[in-house]
There are 2 protein chains.
Amino acid sequence: MSRTIKVLLAEDQSMVREALAALLGLEPDIEVVAQVARGDEVLAAARALDVDVALLDIEMPGRTGIEAAAELHKELPRLKLVILTTFGRPGYLRSAMEAGADAFLVKDAPAAQLAEAVRKVLAGERVIDPTLAAAALAGGANPLTDREREILRAAADGSTNAELATTLHLSQGTVRNYLSTAIQKLAVRNRAEAVRTAREKGWL
Amino acid sequence: MSRTIKVLLAEDQSMVREALAALLGLEPDIEVVAQVARGDEVLAAARALDVDVALLDIEMPGRTGIEAAAELHKELPRLKLVILTTFGRPGYLRSAMEAGADAFLVKDAPAAQLAEAVRKVLAGERVIDPTLAAAALAGGANPLTDREREILRAAADGSTNAELATTLHLSQGTVRNYLSTAIQKLAVRNRAEAVRTAREKGWL
DNA sequence: GGCGCGATATGACATCTGTCATCCCCGACC
DNA sequence: GGTCGGGGATGACAGATGTCATATCGCGCC
């Protein structure tokens with residue numbers, strides 16, 4: 001028989017994090033050996049403790065779970081990576097896979113899948129919700145260029161063209177051009193809808 | 001000595017819900033006797049099972065935790081109500097209190113506070129984060145009228161004035177008037193910012 | 001009965017936004 | 001060396017948005 005599986009848990013909401021730890025603690029073969037609340041604390045913790053699996057939330061301060069995954073994948077390639085997120089956005093799944101994730105779970109999946117995913121990735125399997133995988137493939141890749149994404153992100157809080165122009169060091173006309181092409185690529189009718197759909201797809 | 005405390009848990013993300021149940025299950029004096037994933041299933045479950053405390057997430061399909069709390073408070077006044085939410089928005093706290101909540105917790109508080117809050121409300125205490133309470137009092141009440149809120153909510157997804165006018169059975173000019181007054185009350189410069197700040201304060 | 005406020009409406013006006021055509025520069029690729 | 005895509009810019013134009021003055025109606029309050 002094998003020793004227990006050592007898990008690192010990264011999630012910013014402490015109540016959720018500790019609750020997930022309690023849940024995993026019920027499994028006899030799994031042990032949560034480290035908990036962190038920020039994306040930029042993940043690597044150090046993983047290095048310090050010889051972990052088997054890292055369980056990463058996406059939305060975290062410091063660094064997103066996806067960025068942390070990419071970092072871990074590069075620095076500790078033997079570590080298995082499970083992304084756990086509230087939002088099943090196709091773009092998230094895609095970038096998680098590109099970052100080297102072994103599993104991608106959404107928080108509204110049954111809790112039993114969590115421990116199961118931990119065991120499966122350790123056995124070399126990949127765990128991905130088939131519905132989500134289909135959506136990610138059907139939805140296609142992000143059609144926006146880096147600059148378009150950047151400007152859309154900056155426009156998300158309701159800034160005017162003039163403000164965007166100054167903060168991004170562009171002319172107002174250029175800002176409008178980028179937003180216009182983004183609006184067309186996303187097949188919507190104004191910047192607010194563009195922000196909304198880009199977010200929904202995980203393209204922002 | 002007294003019998004175990006019976007808790008109803010309402011939270012839409014099953015992984016989080018079951019994790020919280022596992023967490024509370026570690027407490028010897030607390031028992032999670034019911035779990036629901038929708039706001040509109042709370043009342044029936046509470047009625048069926050003779051529960052002591054209801055633990056309610058705010059963001060849920062069917063009915064918000066706050067609406068569910070108001071309902072429970074009216075129908076089962078002896079039931080204690082704990083609101084558990086991701087977002088510590090002053091407006092949320094205010095409406096939770098108006099709905100008859102006994103405790104208001106945010107998910108990034110330490111997990112230990114959860115069981116503690118359950119015990120305290122049962123003992124007749126109220127549990128509210130003091131920082132949040134201060135913010136709620138300092139922030140003042142929602143300055144928007146019902147209609148303004150409604151229109152702002154409808155405008156949140158990027159709909160144009162024309163669309164808002166038809167869906168709300170108003171003239172386009174009226175829509176613009178309402179948005180204009182909302183923008184001024186919130187001291188912002190366009191509808192997008194208005195939506196954003198109203199959301200942040202929990203006024204939407 | 002008069003006052004104020006919220007809901008609703010109109011018209012006029014100034015700005016902001018979105019579109020389009022057209023241009024320049026650069027780096028990648030054949 | 002030519003073509004193409006991306007970043008950046010300008011100017012013109014149409015349509016959307018925000019502001020303001022003004023009006024009516026109904027309700028609650030002193």
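Chain identifiers are assigned alphabetically (A, B, ...) following the order of the sequence lines, protein sequences preceding nucleic acid strands; residue numbering begins at 1 within each chain. Predicted model only: the values in this text are computed from it and were never measured.
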Give one of base, sugar-phosphate or nothing for B:Thr174, where a contact means two heavy atoms less than 4.0 Å apart.
base
What integer distance in Å separates B:Arg176:CZ from C:dA7:C1'?
17 Å
Nearest whole angstrom, please: distance from the P of C:dT19 to the CZ of A:Arg189.
11 Å
Those residues at least two apart in sequence (or on a different chain) that pass salt bridge (Lys or Arg N to Asp or Glu O under 4.0 Å) with B:Glu116 are B:Lys120
Calculate the interatomic distance between A:Ile151 atom CD1 and C:dG18 atom P; express it in whole Å.
13 Å
Using atom CG of A:Leu179 as one end and atom P of C:dT17 as the other, report the distance to the nearest whole Å.
9 Å
Drop me the distance from B:Leu179's CG to B:Arg191's CZ, to the nearest 0.5 angstrom.
5.0 Å
Quick check for you: name the first and last nucleotides of DNA chain D, 5' to 3', having an atom under 4.0 Å from a heavy atom of chain A.
D:dG7 to D:dA12
Just to confirm, is there a sub-4.0 Å distance from OP1 or OP2 of C:dT10 to any side-chain nitrogen or oxygen of B:Ser171?
yes
Which of these passes side-chain contact (heavy atoms from CB on, under 4.5 Å) with A:Leu204: A:Glu150, A:Arg196, A:Arg153, A:Arg89?
A:Arg153
Rounded to whole Å, the CD-P distance (A:Glu163 to C:dC16) equals 10 Å
note: B:Asp146, atom CG; C:dT8, atom C1'; distance rounded to Å ~ 15 Å
Whole angstrom is fine here: how far is it from OH in B:Tyr178 over to P in C:dC5?
15 Å
With a cut-off of less than 4.0 Å, is there a side-chain N or O of B:Thr145 near OP1 or OP2 of C:dA7?
yes
Which part of the nucleic acid, if any, lies within contact of B:Asn190, taking any heavy atom under 4.0 Å across all strands shown: a base, the sugar-phosphate backbone alone, or nothing?
sugar-phosphate
Quickly work out the A:Arg191 CZ to C:dC16 C1' distance and round it to whole Å.
8 Å
Tell me whether A:Arg94 is salt-bridged to A:Glu98, with the criterion being a basic N under 4.0 Å from an acidic carboxylate O.
no
Do B:Thr181 and B:Glu148 pair up side chain to side chain, a donor and an acceptor below 3.5 Å, judged on atom types alone?
yes
Checking all strands, does B:Arg147 fall into the base, sugar-phosphate, or nothing category for heavy-atom contacts under 4.0 angstrom?
sugar-phosphate
B:Lys107 bridged to B:Asp57 by N-O distance under 4.0 Å:
yes
Hey, could you give me the CD1/CD1 distance between B:Ile5 and B:Ile30, rounded to the nearest 0.5 Å?
5.0 Å
Is A:Asn161 close enough to C:dC16 that one of its side-chain N or O atoms is under 4.0 Å from OP1 or OP2 there?
no
